[in-house]
Amino acid sequence: MSVPATDDHSLVSDLAELAGNDNWAFRSWAAREYSHGLFQYPAMMVPQMQRELMDRLTRGSEALSAYDPFVGSGTTMSEAMLSGLDFLGSDINPLAVLLCRAKSGPFFIDALFAAGDRVVAGALESRKTQIALEWSGWDKWFRRDVAIGLSRLRRAIQRERLHSTRQFLWVSMAETVRLVSNSRTSTVKLHIRPAKEIALRKIDVVEMFRKIFARNLANFRDQRDTLRERELLTTRGEYAGDITVHLHNVSDGPCSEDESMRCDVLVTSPPYGDNATTVPYGQHAFLPLQWIDLEDIDEDADERFLASTHAIDSMSLGAPRRGALDAVVPIRAISPAFDRALSQLADQPPDRAMRVAAFWRDLDGSLDHILAQLSDGALMAWTVGNRSVGGLRVPMDEILEELLVHRGCKRITTLQRDIPDCRKRMASRNSVAATMNAERVLVLRHVHHEQHG
């Protein structure tokens, strides 16, 4: 469909009022309602913020669908569902795809409750001590008693008949793995705990899973009840709209070549730099994915994603770096802000400029694919942050806006949100990427190439 042109002046006024509200900082964002709290995914967007943005972008229009090419844990997807929209999303991380597909339903709460009881009972009754992994490095990251408990849970989940039920159970398994592994939970990167601490930890794996599953099911029930109140569920407990989430790297092409899949609003927050030196999402997913049946996530999820702790991150934007400086010569001509940033890095160690160049090579290469998924006149909200490299600020907001305007997009406004705890998007203990204390939301309108010549 083609979204009717709404009054951009009114939209600017609505957004300015939103950004000027004292609540815009969302200091209580850590209290994650509905399905947002099923798994502690790194650098999650603030659900309430995306809800307010989506409300302003769709208010008074005929928008029917939302799109997020960097879907992550599914914040935009869940909020789109609460707004009654169809949704299209993608991510290169299989764990992100699992989270989204589990969160999208079906909302068979009673069946899930019974399945959780069966899994816990099956794990408690099991006397098997065989480790249910072929991974030779498991004993670095898991105590043997912990690995036995996880193996019993894994086998019990595998016995469940319904695919959607297993997906929901795997999400609780993922959070359990995160908390019982030998890696510190204070950082997104994999960092081994001290040996003495590992030995002294008191861990009941099955009880941990039981508590996580009970919490997750309660949150899922709340989402079900809200969707039902808004008449957004079928009589069977399925979401009434269409939800599609692909395991896909957007730099490889559009999610779908089907023109009927063009969406009316984009709400997203892309990575702020290459994963290795900003937020290593792949490292964070590595241990949970070892215990989950990849075939339950997606037919394209395979052992490539588990080849090493950095395999997923090496598939993401900004990798590899070879030839990146030559590849971004055309981008430097389009974006003065990008040209300035690279020029400022010229006197620093060459890997810094290459890192920045490789990321922007890939993000710029993704933009045409992203825009191809949007309807005529679609509104976009890009939540971004300006990281630092070698002490120099890389103005992502300026660069991205220049690249989008070059493609014919119309700038509407830019909002700023201060981040209360200054930890929103950067991995802790990361000396390369400086902590940021603010985010910016770029709001633009998409115009197809045939419209702007």
Side-chain angles (χ1 to χ4, degrees), residues 29-30 32 36-47 49-50 68-76 89-100 174-175 178 181 183-191 249-251 268-289 305 308-321 351-352 355-356 358-360 362-363 366 382-390 393-394 396-397 399-400 417 419-441:
W29 70 278
R32 297 201 173 272
H36 296 300
L38 302 191
F39 178 83
Q40 189 59 45
Y41 199 78
M44 295 169 67
M45 291 193 291
V46 181
M49 174 183 172
Q50 305 310 315
D68 186 349
F70 307 100
V71 73
S73 66
T75 301
T76 300
S90 65
D91 206 287
I92 191 58
N93 189 341
L95 184 58
V97 173
L98 171 67
L99 292 172
C100 290
E175 181 68 356
R178 188 184 74 85
S181 79
S183 182
R184 298 170 181 166
T185 56
S186 59
T187 174
V188 176
K189 290 186 175 182
L190 290 174
H191 283 297
N249 186 342
V250 72
S251 63
T268 191
S269 184
Y272 296 170
D274 62 296
N275 286 6
T277 57
T278 53
V279 181
Y281 297 96
Q283 274 197 54
H284 190 73
F286 179 75
L287 295 181
L289 286 174
F305 294 92
S308 69
T309 58
H310 59 270
I312 296 172
D313 292 321
S314 69
M315 299 176 188
S316 305
L317 303 183
R321 298 175 185 171
D351 68 300
R352 294 176 178 172
R355 182 192 318 149
V356 173
F359 172 75
W360 281 101
D362 292 348
L363 182 57
S366 302
W382 298 77
T383 300
V384 302
N386 297 332
R387 65 175 297 199
S388 293
V389 177
R393 172 179 165 274
V394 180
M396 184 171 188
D397 56 336
I399 299 170
L400 182 57
R417 184 183 79 89
I419 303 175
D421 61 5
C422 301
R423 295 192 299 271
K424 169 69 168 64
R425 292 294 267 179
M426 290 303 171
S428 60
R429 304 171 189 250
N430 189 336
S431 61
V432 180
T435 298
M436 295 175 299
N437 58 12
E439 293 180 313
R440 289 167 178 81
V441 182

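Computation of the quantities below employed the complete heavy-atom set of this structure, encompassing side-chain atoms and omitting hydrogens, waters and symmetry-equivalent molecules.
Using a 4.5 Å heavy-atom cutoff, the side chains of Leu289 and Asn93 are in contact. In this structure, the side chains of Thr268 and Val71 stay at 4.5 Å or more apart for every pair of heavy atoms. No side-chain heavy atom of Val394 sits under 4.5 Å from any side-chain heavy atom of Ser388. Looking at Phe286 and His310, their side chains never come closer than 4.5 Å, going by heavy atoms from C-beta outward. Between Leu287 and Leu190, the closest side-chain pair of non-hydrogen atoms falls below 4.5 Å.
The CH2 atom of Trp382 sits 15.0 Å away from the CD atom of Glu439 when rounded to the nearest 0.5 Å. Distance NE2/His284 to OG1/Thr309: 14.0 Å, rounded to 0.5 Å. Between the CG atom of Leu363 and the CG atom of Leu317 there is a distance of 6.0 Å, given to the nearest 0.5 Å. Note that OG of Ser183 and CD of Gln283 are 8.5 Å apart. Values are rounded to the nearest 0.5 Å. We find the CG-CH2 distance between Leu400 and Trp360 to be 5.0 Å, quoted to the nearest 0.5 Å. Residue His191 holds its NE2 atom at 7.0 Å from CZ of Arg184, rounded to the nearest 0.5 Å.
A search for ring-ring contact (aromatic ring centres under 6.0 Å, His included) contacts involving His36 returns nothing, not counting sequence neighbours. Listed by chain and number, the residues in a side-chain hydrogen bond (donor to acceptor under 3.5 Å, both in side chains) with Asp313 are Asn275 (sequence neighbours excluded). With sequence neighbours left out, the ring-ring contact (aromatic ring centres under 6.0 Å, His included) criterion links Tyr41 to Tyr281.
Heavy atoms only, all atoms of each residue included: Glu175 and Leu38 are closest at CB-O, 4.1 Å. Here the shortest heavy-atom pairing between Asp362 and Ser316 reads OD2-O, 4.2 Å. The heavy-atom pair separating Ser314 from Ala319 by the smallest distance is O-CB, 3.4 Å. Of all the heavy atoms in Ser73 and Cys100, the pair that sits closest is C-SG, 4.0 Å. The heavy-atom pair separating Ser251 from Asn249 by the smallest distance is OG-OD1, 2.8 Å. Pairing each heavy atom of Ile312 with each of Ala285, the nearest pair is CD1-CB, 4.4 Å.
Side chain of Thr75 to backbone of Pro47: no donor-acceptor contact under 3.5 angstrom is found. Listed for the Asp91 side chain is no donor-acceptor partner under 3.5 Å among the backbone atoms of Ala96. A donor-acceptor pair is defined here as one N or O able to donate and one able to accept, closer than 3.5 Å; no such pair exists between the side chain of Thr383 and the backbone of Ser269.
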(request) Check the pair Arg321 / Phe359 against side-chain contact (heavy atoms from CB on, under 4.5 Å), numbers first and verdict last. (result) CA-CA 8 Å; Arg321 298 175 185 171; Phe359 172 75; over 6 Å; no
(request) May I have the step-by-step check of side-chain contact (heavy atoms from CB on, under 4.5 Å) for Val46 and Arg417, ending in yes or no? (result) CA-CA 11 Å; Val46 181; Arg417 184 183 79 89; 3.7 Å; yes
(request) Show your reasoning for whether side-chain contact (heavy atoms from CB on, under 4.5 Å) applies to Tyr272 and Asn386. (result) CA-CA 7 Å; Tyr272 296 170; Asn386 297 332; over 6 Å; no
(request) For side-chain contact (heavy atoms from CB on, under 4.5 Å), just list the numbers for Asp68 and Gln50, CA-CA rounded to whole Å, side-chain angles, deciding distance to a tenth of an Å, and then say yes or no. (result) CA-CA 11 Å; Asp68 186 349; Gln50 305 310 315; over 6 Å; no
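Of the N and O atoms on the side chains of Arg387 and Thr277, at least one donor lies less than 3.5 Å from an acceptor on the other residue.
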